[in-house]
Number of protein chains: 2
Amino acid sequence: MDAFEALADPTRRQIIEMLCERERSAGELVESFTISQPAISRHLRVLRESGLAQYRGDAQRRIYSLNPTPLSEIDRWLDRYRSLWPHRLDRLEEHLTDGQALQKDQG
Amino acid sequence: MDAFEALADPTRRQIIEMLCERERSAGELVESFTISQPAISRHLRVLRESGLAQYRGDAQRRIYSLNPTPLSEIDRWLDRYRSLWPHRLDRLEEHLTDGQALQKDQG
DNA sequence: GAGACTCATAACTTGCCAGTTATATAACTA
DNA sequence: TAGTTATATAACTGGCAAGTTATGAGTCTC
């Protein structure tokens, strides 16, 4: 299952958003939803297989974290469409690190 | 069906890419694929209902065009993850119109 | 107006996906 | 070692999505 398919499910998108905040154990994720533990475990497998998540072991626990690479590929897929909607310069600036910041005020 | 679900299908993504190049009649799109005309018609309905495409009539024909708004929403959804991968400044520049172009060469 | 053309919808089939419960696996704990 | 905890997998079910063929609806042409 590719990243687009993985993102089609709202539960998986929510997991991604939670993993963006911080890494979490499978159990923590289960507690955040009303569906069963195996259902979450399956979603985590999909996220793993699509490259969006990974885990490290911590005793019995599995600590999941986000892998943003597939998201960056979707970002690149969007490239060809970006000219079709207005880009706010301040949004662009937000994504630049301090060191790369545009110097529109100082120029 | 939301935009994420609509994008999950590779045929629909391909239709979107074709409509990005130029608007096309339903029949033109059908010729570009091996699946049946009703199957494409259904994909077009999904794209319409998710706001990604629209058509105008031209006699019997229906000329489909891309509506980029849902793509821009996905672009915004990606905002919170953008800090997680490297941003190339030249890619940012590509998305700026000439009038807004960064002046790094001239400055 | 009859037939051709273009496209959508109806009706149906099939396969997959997301959920369930039950169970297996692995690691910790007493 | 027995029991508990944490997570994955197995087996199954139900629903939906995507495909098919057949047909309907609207528009053009002769």
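Per chain, numbering begins at 1; letters A, B, ... match sequence-line order.
In terms of the side chain to side chain contact (heavy atoms under 4.5 Å, CB included) criterion, residue partners of B:Ser25 (sequence neighbours excluded) are, by chain and number, B:Glu28, B:Arg61, B:Ile63. Partners of A:Arg24 under the salt bridge (Lys or Arg N to Asp or Glu O under 4.0 Å) rule, at least two apart in sequence or in another chain, are A:Glu21. Among residues two or more places apart in sequence or in another chain, the side chain to side chain contact (heavy atoms under 4.5 Å, CB included) test is passed with A:Phe4 by A:Asp2, A:Ile74, A:Trp77, B:Leu7, B:Arg13. Every residue meeting the side chain to side chain contact (heavy atoms under 4.5 Å, CB included) condition with A:Gln54, not counting sequence neighbours, appears here in chain and number order: A:Ser65, A:Asn67. Listed by chain and residue number, B:Met18 satisfy the side chain to side chain contact (heavy atoms under 4.5 Å, CB included) test with B:Ser32 (two or more places apart in sequence, or in another chain).
Within residues 5-17 of chain A, the residues approaching DNA chain C are A:Asp9, A:Arg12, by heavy-atom distance under 4.0 Å. Taking every heavy atom of residues 19-36 of chain B and every atom of DNA chain D, pairs under 4.0 Å involve B:Ile35, B:Ser36, by number. Within residues 40-57 of chain A, the residues approached by DNA chain D to less than 4.0 Å at the level of any non-hydrogen atom are A:Ser41, A:Arg45, A:Arg48, in residue-number order.
Listed by first and then second residue, the ring pair (Phe, Tyr, Trp, His ring centres under 6.0 Å) pairs involving residues 23-71 of chain B are B:Tyr55-B:Tyr64 (not counting sequence neighbours). Here salt bridge (charged side-chain N to carboxylate O under 4.0 Å, His left out) pairs that include residues 44-57 of chain A, with residues two or more places apart or in two chains, are A:Glu23-A:Arg56, A:Arg45-A:Glu49. Contacts classified as salt bridge (charged side-chain N to carboxylate O under 4.0 Å, His left out) and involving residues 32-44 of chain A (residues at least two apart or in different chains) are not found.
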Would you tabulate the pairs of protein nitrogen or oxygen atoms and nucleotide nitrogen or oxygen atoms of nucleotides 25-30 of chain C closer than 3.5 angstrom?
none

